[in-house]
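All residue numbers in this chain count up from 1 along the given sequence.
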Amino acid sequence: MRLRRFILCTWAAAFVVATHAAAAGGAAPTFSRDVAPILFGHCVNCHREGEIGAAVSLVSYDAAKPWAKSIKQEVRTRAMPPWPADAEHSVKFRNDARLTAQDIDTLAAWADAGAPRGNDADLPPLPSAAHKWLHPLGLKPDAVLRLPEVSVSATGEIPYVQQRVKVPLTEDKWIVAMQVRAGNNALVHHMGITEVTLADQVRPEDLDALTTLARQMGIADDALVHIRPAVMDPTTSGAYDMLGVYTPGTTFEMYGNDGAKLLKGGNNLYINFNIHYTTTGKPEKNHSELALWFQSAPPKHQLFRAPSAVATILANGRELLTDDPGTKAEGTDVAIPPIPPYAENYELIGVTAFTVPMTIYQFQPHAHIRGKDFKYAIVYPDGREQTVLTVPRYNFHWQLAYDLETPLRLPPGSKLVVTAHYDNSSKNSHLREVGVDARNCGPDREAYFRRQNQSWHEMFSPLIQYSVDATDPPQSPQHPSALQVVQTVGCLIPGPRSAWLLTDASGPTATDMQSTSSSARRAAAEIPFGHYSYDLLGAGVFAPGRHRSHKVAVKGVLIQDGAESRLNVTSLQAIGETCR
C-alpha cells in the first residue's frame with residue numbers, strides 16, 4: 001500500500017523542532033544524524049505500531065529504509081506530511097505540518113545515496129516511545145475515559161453508535177489538552193464528543209433502549225431520547241460546546257492563548273461519544289479512549305466548538321428555506337438537496353453572522369468522500385472581506401483541524417462565510433477507493449445529506465473553536481458590544497464599488513433567525529416600502545444581480561455608525577415586485 005494512504009499526525013510540527021546537522025564535507029546524509037530527527041519530529045507519532053500509519057513504520061532505520069524512495073516521492077510532491085491548506089491564501093497556523101525545503105532536500109539526498117545508516121551514537125531519542133499519549137511535554141493524562149468494546153459487522157450500514165461514560169469528577173475542571181484514540185483506525189470514521197446531563201434516575205442503558213425502540217418504529221434515533229448538553233454558549237440560543245471531534249488526521253490538541261474547555265463535575269453527567277463506524281469487509285472490534293489534561297483555575301477564555309456558517313445555507317446558488325421539504329441535514333436546520341449523479345462541482349455556501357465580539361482559534365472543515373474544497377472567509381462590519389482558510393484539495397483520508405497562530409478577533413457584526421464544493425463525477429478518485437462501500441459510491445448515485453451519514457452520504461460541517469469576548473474597554477453607544485439581527489424590505493440597487501444598496505426600505509424589525517422560511521417570505525411581500533436606506537455587506541453570495549431593481553426581503557446584523565446604516569446580510573429573498 002502506498003505511503004500516501006497513511007496520515008501523518010500534524011500537531012507535532014508545532015511543538016518539536018527537527019534539528020539535524022548538515023553532512024560534513026558534502027557527505028551523504030545518514031539516518032542517525034540527519035534523517036531520524038526529521039522523521040521523529042514530524043512522522044512517527046502516526047507511523048508506528050498501533051497508530052494510523054502503522055503499516056509504514058518509521059521508528060527505526062530498519063523500518064524506514066525500505067520506504068526511502070517512497071519517502072522522497074511523497075515529500076517532494078508535498079503529499080506528506082499532509083497539509084491540505086493553501087498557505088498563500090490562508091492565515092498562518094501554529095500546527096502547520098509542512099517540511100522546510102532543507103528537510104525535503106535531506107530526505108531526498110538520503111534516498112538517492114542508498115539510505116545509509118550512519119552511526120547509532122548520533123541517533124536522537126524516539127519521542128513518546130514508552131507510551132501512547134502525545135502530550136509534547138510527556139505529561140501523563142489527568143483522566144482517561146475508556147469506552148466498552150464494540151463489535152461491528154463486516155458489511156452493511158452501521159447506524160451511529162452512542163456510548164456514554166460517567167464523568168469521574170465531583171467538581172468542574174478546565175481542559176487544557178485532550179487526545180482521542182480511535183482504537184481501530186480502519187473502523188472509526190469520526191466521533192463527536194459532548195458532555196451531557198441526564199435526567200434524575202435515568203441511566204445510559206435506558207437511553208439505549210429508547211434508541212432501539214425508535215429505530216424499530218422507523219423514526220429518528222433521538223425522537224424518544226431527551227438529553228441536554230451540559231455546556232452551553234450563553235450568547236447563542238441552542239448552541240452548545242462539542243467537547244471533542246475525532247477525524248482521520250486529528251487526534252491530539254492543546255490549547256494556548258489562555259484558553260480552556262469546561263468539563264462540569266457532579267451527578268448524572270456523562271460524556272457522550274457519537275461514533276460513525278464504517279465497515280471494512282470483515283468483522284471488527286473497537287474500543288476508543290479519551291485522555292484529558294486539566295488545570296484547576298478558570299482560564300481567561302472559555303472555548304466552545306460548534307459547526308458555524310450553517311445559520312443560512314445556499315445550494316448551487318439557491319438559498320434554502322427552513323421549511324423546505326425533506327430531512328434536515330446533520331448539524332443544520334435545513335434540508336440540503338442531494339448531489340446529483342455525475343455532478344462535478346456541487347456548491348454549498350454557509351453563512352453565520354455574530355452579534356457579539358468573539359475570537360476564533362481553530363477551523364475544522366468536515367465532509368465525506370465527495371468533498372472537493374473548502375474556503376472560510378470573514379466579512380467585517382466595515383465591509384472588508386478576508387479569506388482565512390483555503391483547502392483547495394480537501395481529502396477524506398486526512399481531515400485536519402487548523403490552529404490559528406494568531407487568534408482571529410472579530411468585532412460584533414462580523415460574518416463567517418464558508419464555501420464548499422463536492423465532486424460526484426468519475427474524476428473523483430476517492431469514489432474508487434472505498435472498498436466494500438463502492439456499491440454505494442459510484443458517480444451514478446445521488447449523494448444525500450442526512451441526519452446520520454454513512455461514508456457514501458455527505459456532510460457540510462464547517463466547525464470552529466472560539467471564545468465569546470467580554471468587551472474591554474466598554475463600547476460606546478455608537479459601537480455597542482452586542483448587535484441585533486433584523487429584517488427589512490426594500491428595493492435592491494447597485495451601489496458604489498460593486499456594493500449593493502437597499503433603498504426605500506421598511507424600518508428594521510428584530511428577528512431571532514438569520515435564515516428565512518417560505519411563510520416568512522410571503523409575509524414580507526405584504527410589507528410596504530419605507531424611507532430607510534442600508535449598505536448591504538457580503539451580499540455577493542446571494543447573487544443579487546438576479547434581483548436588481550426588485551423588491552427584496554433582507555435579514556442581517558444591523559450596524560449603525562452615525563447616520564450610516566449597514567446590514568451584514570444573512571438572507572436575501574426576492575419577493576416579486578419591481579421597484580417603483
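For the residue pair Ser518/Asp323, the side-chain donor-acceptor check at 3.5 Å is satisfied. No hydrogens or angles considered: a donor-acceptor pair under 3.5 Å links the side chains of Ser288 and Asn286. Between the side chains of Gln399 and Gln364, no donor-acceptor pair is found at a separation under 3.5 Å. Remark: the Gln162 side chain and the Tyr160 side chain contain no N/O donor-acceptor pair separated by less than 3.5 Å. Between the side chains of Lys285 and Ser151, at least one donor N or O lies within less than 3.5 Å of an accepting N or O. There is a side-chain donor-acceptor pair under 3.5 Å between Glu319 and Ser571.
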Query raised in the report: Please walk me through it: do Thr236 and Phe354 pass side-chain contact (heavy atoms from CB on, under 4.5 Å)?
Result: CA-CA 9 Å; Thr236 305; Phe354 308 113; over 6 Å; no
Query raised in the report: Under the ring pair (Phe, Tyr, Trp, His ring centres under 6.0 Å) criterion, do Tyr246 and Phe273 qualify, and how do the steps go?
Result: CA-CA 10 Å; Tyr246 168 84; Phe273 294 77; over 10 Å; no
Query raised in the report: Can you check side-chain contact (heavy atoms from CB on, under 4.5 Å) on Tyr376 and Ile464, steps first, answer last?
Result: CA-CA 10 Å; Tyr376 284 55; Ile464 64 170; 3.9 Å; yes
Report task. Let me see the working for Asp241 and Lys261 under salt bridge (Lys or Arg N to Asp or Glu O under 4.0 Å), right down to the final yes or no. Result -> CA-CA 9 Å; Asp241 177 43; Lys261 297 177 72 69; 2.7 Å; yes
Query - Derivation of the ring pair (Phe, Tyr, Trp, His ring centres under 6.0 Å) call for His276 and His368 - result: CA-CA 12 Å; His276 171 193; His368 286 180; 5.7 Å; yes
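Within the model, atoms CE of Met358 and CG of Leu408 stand 9.0 Å from one another, a figure rounded to the nearest 0.5 Å. Atom-to-atom distance recorded for Leu263:CG and Ile175:CD1 is 4.5 Å, nearest 0.5 angstrom. Rounded to the nearest 0.5 Å, atoms CE (Met178) and CG (Leu290) are 6.0 Å apart. Distance OG1/Thr332 to CG/Leu320: 8.5 Å, rounded to 0.5 Å. With rounding to the nearest 0.5 angstrom, the OG1 atom of Thr312 is 9.0 Å from the NZ atom of Lys415. Taking CG from Leu431 and CZ from Arg370, the interatomic distance works out to 5.5 Å, rounded to the nearest 0.5 Å.
Scanning for ring pair (Phe, Tyr, Trp, His ring centres under 6.0 Å) contacts around Phe374 gives Tyr394, with sequence neighbours left out. A search for ring pair (Phe, Tyr, Trp, His ring centres under 6.0 Å) contacts involving Phe542 returns nothing, not counting sequence neighbours. Taking the side-chain hydrogen bond (donor to acceptor under 3.5 Å, both in side chains) definition, one finds that Thr235 meets it with Asp233, sequence neighbours left out. Evaluation of the side-chain contact (heavy atoms from CB on, under 4.5 Å) rule for Val176 yields Ala260, Trp293, Gln295 as partners, not counting sequence neighbours. Scanning for salt bridge (Lys or Arg N to Asp or Glu O under 4.0 Å) contacts around Arg146 gives Glu289, with sequence neighbours left out.
At least one donor-acceptor pair under 3.5 Å links the side chain of Glu195 to the backbone N or O of Lys264.
Taking the side chain as every heavy atom from C-beta outward, Val91 and Thr406 never approach each other to under 4.5 Å. Side-chain atoms of Gln573 and Leu321, non-hydrogen and from C-beta on, do get closer than 4.5 Å to each other. The shortest side-chain heavy-atom distance between Ile71 and Cys43 does not fall under the 4.5 Å cut-off. Annotation: side chain of Ser467 is not in contact with side chain of Phe304 (no heavy-atom distance under 4.5 Å). When side chains are defined from C-beta on, Pro141 counts as touching Trp133, because their heavy atoms get closer than 4.5 Å. Residues Ile360 and Leu410 have side chains in contact (heavy-atom distance under 4.5 Å, counting atoms from C-beta outward). Contact check for Val165 versus Gln163: no side-chain heavy atoms found under the 4.5 Å cut-off. Between Trp398 and Met80 there is a side-chain heavy-atom pair separated by less than 4.5 Å.
Dense packing is recorded around OH of Tyr380, with more than 12 heavy atoms of other residues, nucleotides or ligands lying under 6.0 Å away.
Checked for salt-bridge contact, Lys328 and Asp333 miss the test: no charged N lies under 4.0 Å from a carboxylate O. By the 4.0 Å N-to-carboxylate-O rule, Asp403 lies too far from Lys92 to be salt-bridged with it.
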Distance-only check: which donor-acceptor pairs under 3.5 Å involve side-chain atoms of residues 338-348, not counting sequence neighbours?
unit_1 : atom_1 : unit_2 : atom_2 : d
Glu344 : OE2    : Lys427 : NZ     : 3.1
Asn345 : OD1    : Lys372 : NZ     : 3.0
Tyr346 : OH     : Pro337 : O      : 2.6
Glu347 : OE2    : His421 : NE2    : 3.0

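The two atoms that bring Pro443 and Asn424 nearest to each other are CB-O, 3.0 Å, heavy atoms only.
Of the residues Phe363, Trp83, Tyr361, the one that meets the ring pair (Phe, Tyr, Trp, His ring centres under 6.0 Å) test with Tyr402 is Trp83.
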